[in-house]
2 protein chains.
Amino acid sequence: MARTRRSYNQYCGLASALDIIGERWTLLIVRELLLGPARYRDLLDSLPGIGTNLLAERLKFLAEQGVIRRAAGENERGYELTEHGERLREPVLQIAHWGLEHLGAPDEGQEVRPHWGFLAVQSMLDPSRAGDADECYEFRVDGTDFHIRVEGGRATAHEGRCEAPAMLAVTDARTFVEIGSGNLNPFMAVVSGRLSLDGDEECVQRAMALLGLIEGAEAPRKRSQEAVEAV
Amino acid sequence: MARTRRSYNQYCGLASALDIIGERWTLLIVRELLLGPARYRDLLDSLPGIGTNLLAERLKFLAEQGVIRRAAGENERGYELTEHGERLREPVLQIAHWGLEHLGAPDEGQEVRPHWGFLAVQSMLDPSRAGDADECYEFRVDGTDFHIRVEGGRATAHEGRCEAPAMLAVTDARTFVEIGSGNLNPFMAVVSGRLSLDGDEECVQRAMALLGLIEGAEAPRKRSQEAVEAV
DNA sequence: CTGCATCCGCCTCGATACTG
DNA sequence: CAGTATCGAGGCGGATGCAG
């Protein structure tokens, strides 16, 4: 007897979306796949506490709903987002950005993964702050490398290193996310030796501004795009 | 014995956000408050199936976390979003927009509320499509009125009616959301008498285009703002 | 080893009854 | 009207088993 899945039974876009991605762990699975294809074991490792059965069931359901698919690549087996799932990137990044403010100092027993730093950077990136510069900033977080490329007034995040970065930041995942959360000032982190910053001073300033880490210092970050207003 | 709240225990913005707004019903409560302050009873009515205890607990927790507060207004008692909660508007609207595609034809037993139509409009509004026009479009959905004002290249949604609307749409909530979901063509709805459209033809066209209902017809809607790209 | 399925204790959820 | 208290049902978390 096919168990009938729990639903809000509301004819509303949000309720419909939450029927799909509103269950426990689901958006965290999407988060992992936003950072690239992943195998079953990778997902288990990045989601400590999830039951193996739950992960399997979530994956199957998300595939049925067209949010993810089994990666077709030869030696790149595993799961990946479909285009439909990929369209969750923007809202999920914005929610991640919102949630950064709720992070306090890292607690014992709290898991951290270097690639979450990559996610944090993507959520902090404010494209409207990209100036006329044409340069890139590289980050090395616990062995996971990524960079931001500013080009033609657009700022984009990419995996891996880049050539001739205008700024190079080296740190551990915990420190990186703690800076993003606003609980740790990046320059304090340098002073305490937890972060290494190389590059021209102005470039460093631009990189920090691009991530909303300076200029407005402790003020709550706010995305520039206020698309819709309701009164 | 203070019960320790369930948490993902991950030092990550998204996990932190989901610890707050990831539980069942929570984002639907936020949805209701995005549409304006509401009393306890209003929320119960708009969230059929929620337990009274759950609603009370969610409200208390959201207030503790600074997402909502008890409305201070004299005769406007109830709950409302804080500024912090208000910053969930953009991502929540985008998720609602994403979920619209999953809505099929309205099912028996599915609840509909007129103000969800207002939400759908806000999620469908693509500000980049606002042209040079200076006009407004009025909607009357099962007695709930709202309008879109296009002015100075910006499109904003508002409650209530407007003066001299360039377009007036009158329909019921179910039909309205069904059109937004892409399952019902607005002109077919007019033909079948479920929707009444008044106004200059060009204005109607502009209004439909603004909501992504024509031009690309059945193609999946897509927000114009691709803020961050990851490769 | 990967990708699940099964089983079980527990906690959250959903519905109802009850109180200020 | 605005919640609190209570309790059964079911989803979740963890351990284990098993097929490819």
Side-chain angles (χ1 to χ4, degrees), chain A residues 1-10 15 18-29 32-33 36-64 68-80 109-111, chain B residues 1-10 15 18-29 32-33 37-65 68-80 109-111:
Chain A
M1 46 164 72
R3 288 219 329 286
T4 162
R5 176 164 278 267
R6 178 183 276 178
S7 161
Y8 288 113
N9 276 317
Q10 297 185 358
L18 292 179
D19 279 340
I20 297 173
I21 56 168
E23 289 176 306
R24 192 163 168 77
W25 293 109
T26 301
L27 269 186
L28 293 186
I29 294 173
E32 294 301 314
L33 298 181
R39 326 234 339 209
Y40 189 86
R41 160 85 9 215
D42 301 330
L43 294 173
L44 270 187
D45 290 341
S46 292
L47 303 171
I50 195 176
T52 60
N53 53 345
L54 255 204
L55 177 56
E57 191 206 292
R58 294 287 189 267
L59 289 172
K60 192 199 301 182
F61 180 66
L62 286 175
E64 285 173 5
I68 69 174
R69 74 166 79 87
R70 308 200 63 122
E74 287 303 316
N75 46 7
E76 261 294 356
R77 256 188 289 182
Y79 300 86
E80 63 186 7
Q110 271 188 317
E111 304 287 338
Chain B
M1 44 162 108
R3 287 220 330 287
T4 160
R5 177 163 276 267
R6 179 184 273 178
S7 163
Y8 288 113
N9 276 318
Q10 298 185 357
L18 292 179
D19 279 340
I20 296 173
I21 56 168
E23 289 175 307
R24 192 162 167 76
W25 293 110
T26 302
L27 269 187
L28 293 186
I29 295 173
E32 293 302 314
L33 298 181
R39 324 224 350 202
Y40 188 87
R41 160 108 339 240
D42 302 330
L43 294 173
L44 269 186
D45 291 341
S46 292
L47 302 171
I50 194 174
T52 59
N53 53 346
L54 256 203
L55 177 56
E57 192 207 290
R58 294 287 188 267
L59 289 172
K60 193 197 302 182
F61 179 65
L62 286 175
E64 285 173 4
Q65 299 298 319
I68 69 174
R69 73 167 78 87
R70 308 199 63 123
E74 287 303 315
N75 44 7
E76 261 294 357
R77 256 188 287 182
Y79 299 88
E80 63 185 8
Q110 272 188 317
E111 305 287 336

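Worth saying up front: this structure is predicted, and the values here are computed from it rather than measured. Proteins get letters first, then strands, A, B, ... in listed order; numbering begins at 1 in each.
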Once you round it to whole Å, what is the distance between [atom2] of [N] and [atom1] of [X]?
| X | N | atom1 | atom2 | answer |
| --- | --- | --- | --- | --- |
| B:E23 | D:dG10 | CD | C1' | 16 Å |
| A:L54 | C:dC10 | CG | C1' | 14 Å |
| A:L47 | D:dG13 | CG | P | 11 Å |
| B:K60 | D:dA2 | NZ | C1' | 13 Å |
| B:L18 | C:dT12 | CG | C1' | 17 Å |
| A:D45 | C:dG3 | CG | P | 11 Å |
| A:E57 | D:dC12 | CD | P | 7 Å |
| B:L55 | D:dA2 | CG | C1' | 10 Å |

Original post:
Taking C-beta and beyond as the side chain, do A:Y40 and A:T52 meet within less than 4.5 Å on heavy atoms?
Top reply: yes

Short side-chain N/O contact from [X] to OP1 or OP2 of [N], under 4.0 Å:
| X | N | result |
| --- | --- | --- |
| B:W25 | C:dT12 | no |
| A:R58 | D:dC12 | yes |
| B:R41 | D:dA2 | no |
| B:R24 | C:dC13 | no |

**OP:** Find the distance between OG1 (B:T26) and CZ (B:R58) and round it off to the nearest 0.5 Å.
**Re:** 4.5 Å

Subject >> Check: B:N53 side chain, C:dG14 base, donor-acceptor under 3.5 Å >> reply: yes

Original post:
Within the modelled atom types, does a donor on one side and an acceptor on the other bring the side chain of B:T52 and the base of C:dA15 under 3.5 Å apart?
Top reply: no

Subject >> Audit row: A:L28, A:E32, side-chain contact (heavy atoms from CB on, under 4.5 Å) steps and yes/no >> reply: CA-CA 6 Å; A:L28 293 186; A:E32 294 301 314; 5.9 Å; no

Original post:
Mapping A:D42 and B:G49 onto DNA chain C by nearest heavy atom, which one lands closer to the 5' end?
Top reply: A:D42

Original post:
DNA chain D: A:R6 or A:G51, which has the more 5' nearest nucleotide?
Top reply: A:R6

Subject >> B:E23/B:R5 salt bridge by N-O under 4.0 Å criterion >> reply: yes

Original post:
Out of C:dC13, D:dC12, C:dC4, which nucleotide sits closest to the side chain of A:Y79?
Top reply: C:dC4

Subject >> From CA spacing to verdict: side-chain contact (heavy atoms from CB on, under 4.5 Å), A:E57, A:F61 >> reply: CA-CA 6 Å; A:E57 191 206 292; A:F61 180 66; 5.6 Å; no

